[in-house]
Trainee: 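Okay, here's the structure, questions in a sec.
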There are 2 protein chains.
Amino acid sequence: MPTVSSEELAAAAGVNSAKLRKDFSYLGSYGTRGVGYDVEYLVYQISRELGLTQDWPVVIVGIGNLGAALANYGGFASRGFRVAALLDADTALAGRLVAGLPVRHIDELETIVADNQVSIGVIATPAGAAQEVTDRLVAAGVTSILNFAPTVLSVPDGVDVRKVDLSIELQILAFHEQRKAGDDRPEPDGDVPAVMPA
Amino acid sequence: MPTVSSEELAAAAGVNSAKLRKDFSYLGSYGTRGVGYDVEYLVYQISRELGLTQDWPVVIVGIGNLGAALANYGGFASRGFRVAALLDADTALAGRLVAGLPVRHIDELETIVADNQVSIGVIATPAGAAQEVTDRLVAAGVTSILNFAPTVLSVPDGVDVRKVDLSIELQILAFHEQRKAGDDRPEPDGDVPAVMPA
DNA sequence: CCATCTTTGTGCACGCGTTCACAAAGACAT
DNA sequence: ATGTCTTTGTGAACGCGTGCACAAAGATGG
């Protein structure tokens, strides 16, 4: 039975082993004293806790470059996500295959969400269309939305929205880059604050 | 002179006004007691501190769907990022226009990085090509890398890497979704831990 | 010029999460 | 069995960030 100790895992992850053990303890007592954690069992328990063992049907709305990239993204299937449908307002796209799936018209949204019990929607439309799509998704029964469009969406209580801004990470890199350069020459007028993104 | 108080800003951002004032104070004393913060001046100071006022030339490597989506992403230009070049290993793509820029061959990487003093590279290649591209970028002088490929990159000290996993946000939504559903029926065997992603 | 009012900037206290440190548990050898 | 050794699980201490509360600063009006 292959096992790992909290010490090994902590070293690999670069965190404190006590914290790791305490975190695991919230999921239950899955370790064996003097031995460590059974790898296979631990993986299963964490997967289950994170919802990776469930099947999550999702719809992707807006099949431009980003939508197509998401549809092709390999990481989805392995984490329990199943693309139930690709939707776009452009009728010219309808029927075209993207990542092996036919693009369907946005008007099929309601039917598809209902038939597949979709609770998660991904928005990869232009900013202008995002709110309308959101409203339709919510009305159709979707309760979680991942928004790639550069707009703040308003949703009723009980609906979760997460906004992904592809440039934020770039901005964090630029911030650090500025710091690297700035270590040589002093700042133009004064203060170098102690704050910084993680 | 249009001004804004820490109280107003805090309410809009949904945070504590004291924390906001303390955060601002790290950048210097830009407020006026009894009045608030001069909006224009505050915006400028924060922009400068974040590096938004600088020009950041970047190269995007791997012009598939994701690379193309990034090249078209509007949020870049407004934050000081300038796409110096689009690179791909596929010679068939060479010369094709994406977001108004011609795709150039990966072998031009070294020249382009040197000529434009590029310090930030974006990797949107398949996982298999990511490490090699990274090595070439680093050798050419790039010191910050934004990695969209599903691989962990190894880089020498002094080089920053940020990895973007497009499915992580989806996973967080699924986690909360699971919780919503789980509030009704009890968990299969026991413990509902108190931990959760933000 | 003084009084009053508003809002900043910050010392201080509180609370929460991280880390330390160790008792308890189990494996394994003798 | 008994002892030794390893590693977990967790109570307690510590440290850091958040929020409170107020003095200082400046605006504004009489």
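Each chain gets a letter, A, B and so on, in the order the sequences are listed, and its residues count up from 1.
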Trainee: Give the rounded distance in Å between these two atoms: CZ of A/Arg21 and P of C/dT19.
Mentor: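 My rounded result for the distance is 12 Å.
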Trainee: Scan B/Tyr37 against the nucleic acid and name what it touches under 4.0 Å (heavy atoms): base, sugar-phosphate only, or nothing.
Mentor: sugar-phosphate
Trainee: Do you reckon A/Val164 sits in the same ILVMFWY cluster as B/Ile168, going by side-chain contacts under 4.5 Å, direct or chained?
Mentor: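 In one cluster with A/Val164: B/Ile168, no.
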Trainee: Could you state the atom-to-atom distance from CZ of A/Phe24 to P of D/dT7 in whole Å?
Mentor: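 It is 15 Å, rounded to the nearest whole Å.
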Trainee: Pick the closest DNA chain C nucleotide for A/Lys19 and for A/Val35 by heavy atoms, then say which residue is nearer the 5' end.
Mentor: A/Lys19
Trainee: How about B/Tyr41 and B/Tyr30: are their ring centres within less than 6.0 Å of each other?
Mentor: yes
Trainee: With sugar-phosphate meaning primed atoms plus P, OP1 and OP2, does A/Ser6 contact a base, only sugar-phosphate, or nothing at under 4.0 Å between heavy atoms?
Mentor: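 The answer is sugar-phosphate, as A/Ser6 gets under 4.0 Å only of primed atoms, P, OP1 or OP2.
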Trainee: Both A/Thr32 and B/Glu7 contact DNA chain C. Which one's nearest nucleotide lies toward the 5' end?
Mentor: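 Comparing both residues, the 5'-ward one is B/Glu7.
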Trainee: Could you check whether B/Tyr73 and A/Asn65, counting side-chain N and O atoms only, form a donor-acceptor pair closer than 3.5 Å?
Mentor: no
Trainee: Is a donor on one side and an acceptor on the other found under 3.5 Å between the side chain of A/Asn16 and the backbone of A/Leu20?
Mentor: no
Trainee: Rounding to a whole Å, what distance do you find between A/Leu42:CG and D/dT8:P?
Mentor: 11 Å
Trainee: Kindly say whether, by distance alone, the side chain of A/Arg33 makes a donor-acceptor pair under 3.5 Å with the base of D/dT7?
Mentor: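 Donor-acceptor pair under 3.5 Å: no.
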Trainee: Do A/Gln131 and A/Thr151 have side-chain atoms, one donor and one acceptor, less than 3.5 Å apart?
Mentor: no
Trainee: C/dG26 P sits how many Å from A/Asp38 CG, rounded?
Mentor: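 Spelled out: CG on A/Asp38 to P on C/dG26 is 16 Å.
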Trainee: Is there a side-chain contact between B/Val138 and B/Ile145 (heavy atoms, below 4.5 Å)?
Mentor: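 Side chain of B/Val138 against side chain of B/Ile145, heavy atoms only: contact under 4.5 Å found.
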Trainee: At under 4.0 Å, does any side-chain N or O of A/Ser29 touch on OP1 or OP2 of D/dG9?
Mentor: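 The answer is yes; a side-chain N or O of A/Ser29 sits under 4.0 Å from OP1 or OP2.
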Trainee: Specify the separation, in whole Å, of atom CG of A/Asn16 and atom P of C/dA21.
Mentor: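 Interatomic distance, CG of A/Asn16 to P of C/dA21: 11 Å.
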Trainee: Restricting both atoms to N or O, compile the protein contacts to nucleotides 11-16 of chain D shorter than 3.5 Å, with distance only.
Mentor:
| unit_1 | atom_1 | unit_2 | atom_2 | d |
| --- | --- | --- | --- | --- |
| D/dG11 | O6 | A/Lys22 | NZ | 3.2 |
| D/dA12 | N6 | A/Lys22 | NZ | 3.1 |

Trainee: Would you mind reading off the distance between A/Leu20 atom CG and C/dC20 atom C1', rounded to a whole angstrom?
Mentor: 16 Å
Trainee: Do B/Glu8 and B/Ser17 touch side chain to side chain, with heavy atoms closer than 4.5 Å?
Mentor: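 With C-beta onward as the side chain, the pair stays apart.
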Trainee: Atom CD of B/Glu8 and atom C1' of C/dT6: how far apart are they, to the nearest Å?
Mentor: 12 Å
